[in-house]
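Remarks on the structure that follows.
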Amino acid sequence: MFLEELLILIAIAVALIMYRNYQGQNVGKYITSQVQVVYDKFAPYSFKMVRDKTKELGQEYTPRQYAMQVAMISGFTGIVSYLYFYSVTTTVIYVLISMAFVPYLAYLRCKRVYSEYIFEQIQVYTSNVIMEFATTQSFVKALEGVRDSGILEDPVLSDVSYMIELSYDNGTIDEAVNYMSEKYPYYIVKNMHQLFLQITKEGARNSADSLDNMQLDIDMLIESVYRDRIERQQFHKQFLQFGIILYLMVMIVQYLLGRETYIILLQRWYIQILLHGVLIINTYFLLRGEKYYNENVGAE
């Protein structure tokens, strides 16, 4: 009990020191700004690129929203861990661990936003190249028309420009389409490129029907992807609710056994290990679900 009281006194002392040192300032803003500095320093470079695009799209969290997320996660963790172990020390440890997962959750969310953006750009790329080709009857000219139309944004715009350079340098479109198909391994990209390779090598006769069928395939695929996205969002809410209920199952156990009996059981080491195992497994289950929800976006 002495250690638990000492930790509480240390936390209060730190809060008072911060208040005295930054009196006249918003302490909450100072804390979130310092978290932001540390986070930017240690965030992976690839994630910084994804996050910059998320900011550009206006879908990045503000420091206040991140602070609210930290408060919600740490608060829920504190309540659950205390109900499991009735130990302030254990609760503080679990709260600190849960806060360490916030950057990972931010990474997953930004990756999902970025994946959705890329898929929308690929949708624009494939649909408009087909329409341009119907007019120009030239794959390279179609790429130039899409590039100059202003409807594409980076990084897809830069990749289309690079495809045009490869086509002129090599005199064929083979390397260009291979580059794009490997960079964006979507079903619609590979099929469209395969069709253009076939048309280019065998001639453009009777290509109108093939292009129309390809456009219909793209439209149907896009519809299914967006429908799947809506279903995923609904399932995600139900998944989180189910995960929270799993954490709170300990309340039912305490109700059935009685709080006094439950605290007596906590003194046994194997009960402690069992409860830690339940928390870890539930957390792993939730994180795996979050990873699946945020990473598998735009997949056909």
Side-chain angles (χ1 to χ4, degrees), residues 46-47 49-50 52-54 56-57 110-232 292 294-300:
S46 59
F47 173 57
M49 296 176 60
V50 172
D52 287 342
K53 178 56 70 172
T54 306
E56 184 181 328
L57 295 172
C110 289
K111 189 174 182 180
R112 172 177 56 80
V113 172
Y114 186 76
S115 298
E116 291 174 350
Y117 161 76
I118 290 296
F119 183 78
E120 290 170 358
Q121 286 288 292
I122 290 299
Q123 167 193 343
V124 172
Y125 162 73
T126 52
S127 299
N128 284 272
V129 167
I130 289 176
M131 289 189 291
E132 288 285 341
F133 186 86
T135 302
T136 62
Q137 294 298 309
S138 168
F139 181 65
V140 179
K141 293 297 182 183
L143 291 178
E144 291 177 336
V146 174
R147 178 197 61 187
D148 299 336
S149 64
I151 57 177
L152 286 180
E153 299 179 11
D154 284 331
V156 178
L157 177 60
S158 298
D159 291 324
V160 170
S161 298
Y162 184 61
M163 288 178 69
I164 296 171
E165 293 178 8
L166 287 176
S167 300
Y168 280 123
D169 291 342
N170 299 323
T172 64
I173 66 171
D174 297 62
E175 188 173 349
V177 298
N178 288 336
Y179 165 79
M180 197 68 170
S181 296
E182 291 178 2
K183 184 75 176 290
Y184 303 101
Y186 294 97
Y187 170 81
I188 54 177
V189 174
K190 292 181 178 180
N191 276 19
M192 188 191 75
H193 288 163
Q194 186 63 37
L195 176 61
F196 281 123
L197 282 173
Q198 182 179 354
I199 293 174
T200 302
K201 293 180 179 180
E202 298 180 3
R205 292 178 303 173
N206 300 324
S207 62
D209 291 341
S210 299
L211 292 174
D212 289 341
N213 291 333
M214 175 59 66
Q215 185 65 62
L216 287 174
D217 289 342
I218 292 173
D219 293 340
M220 292 176 60
L221 180 60
I222 291 170
E223 181 183 353
S224 66
V225 167
Y226 282 109
R227 184 169 58 249
D228 178 70
R229 187 178 299 177
I230 294 174
E231 293 174 353
R232 279 173 180 270
Y292 177 81
N294 287 286
E295 285 192 340
N296 293 269
V297 175
E300 300 88 358

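The structure displayed is predicted, hence computed values, not measured ones.
Of all non-hydrogen atoms in Tyr114 and Pro155, the two that sit nearest each other are OH-CG, 3.5 Å. In terms of heavy-atom proximity, Leu166 sits nearest to Ala176 at CD1-CA, 4.0 Å. Nearest approach of Met192 to Ile130, heavy atoms of both residues: SD-CG1, 4.0 Å. Here the closest heavy-atom approach between residue Lys53 and residue Asp154 is recorded as NZ-O, 3.5 Å. Of all non-hydrogen atoms in Cys110 and Val50, the two that sit nearest each other are O-CG1, 3.3 Å.
Proximity of Tyr125 to Ile188: side-chain heavy atoms (C-beta onward) are nowhere separated by under 4.5 Å. Within the 4.5 Å cutoff, side-chain heavy atoms of Val160 are placed close to those of Met180. Ile122 places a side-chain heavy atom less than 4.5 Å from the side chain of Ile118. Using a 4.5 Å heavy-atom threshold, the side chains of Ile199 and Phe133 count as touching.
Counting only N and O atoms by type, the side chains of Asp219 and Gln215 include a donor and acceptor under 3.5 Å apart. If you check the side chains of Asp159 and Tyr184, you find a donor sitting under 3.5 Å from an acceptor.
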- Message: For Met163 and His193: C-alpha separation, side-chain torsions, deciding distance, then whether side chain to side chain contact (heavy atoms under 4.5 Å, CB included) applies.
- Response: CA-CA 12 Å; Met163 288 178 69; His193 288 163; 4.2 Å; yes
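Ring geometry for Phe196 versus Phe139: interplanar angle of 30 to 60°, hence tilted.
Between the Ser127 side chain and the Val124 main chain, no donor and acceptor come within less than 3.5 Å of each other.
Distance CG/Asn178 to CD1/Ile173: 9.5 Å, rounded to 0.5 Å.
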Below 3.5 Å, can you tabulate the donor-acceptor pairs from side chains in residues 140-153 to any protein atom, sequence neighbours excluded?
residue : atom : partner : partner atom : Å
Glu144  : OE2  : Tyr168  : OH           : 2.7
Ser149  : OG   : Val146  : O            : 2.7
Glu153  : OE1  : Tyr117  : OH           : 3.4

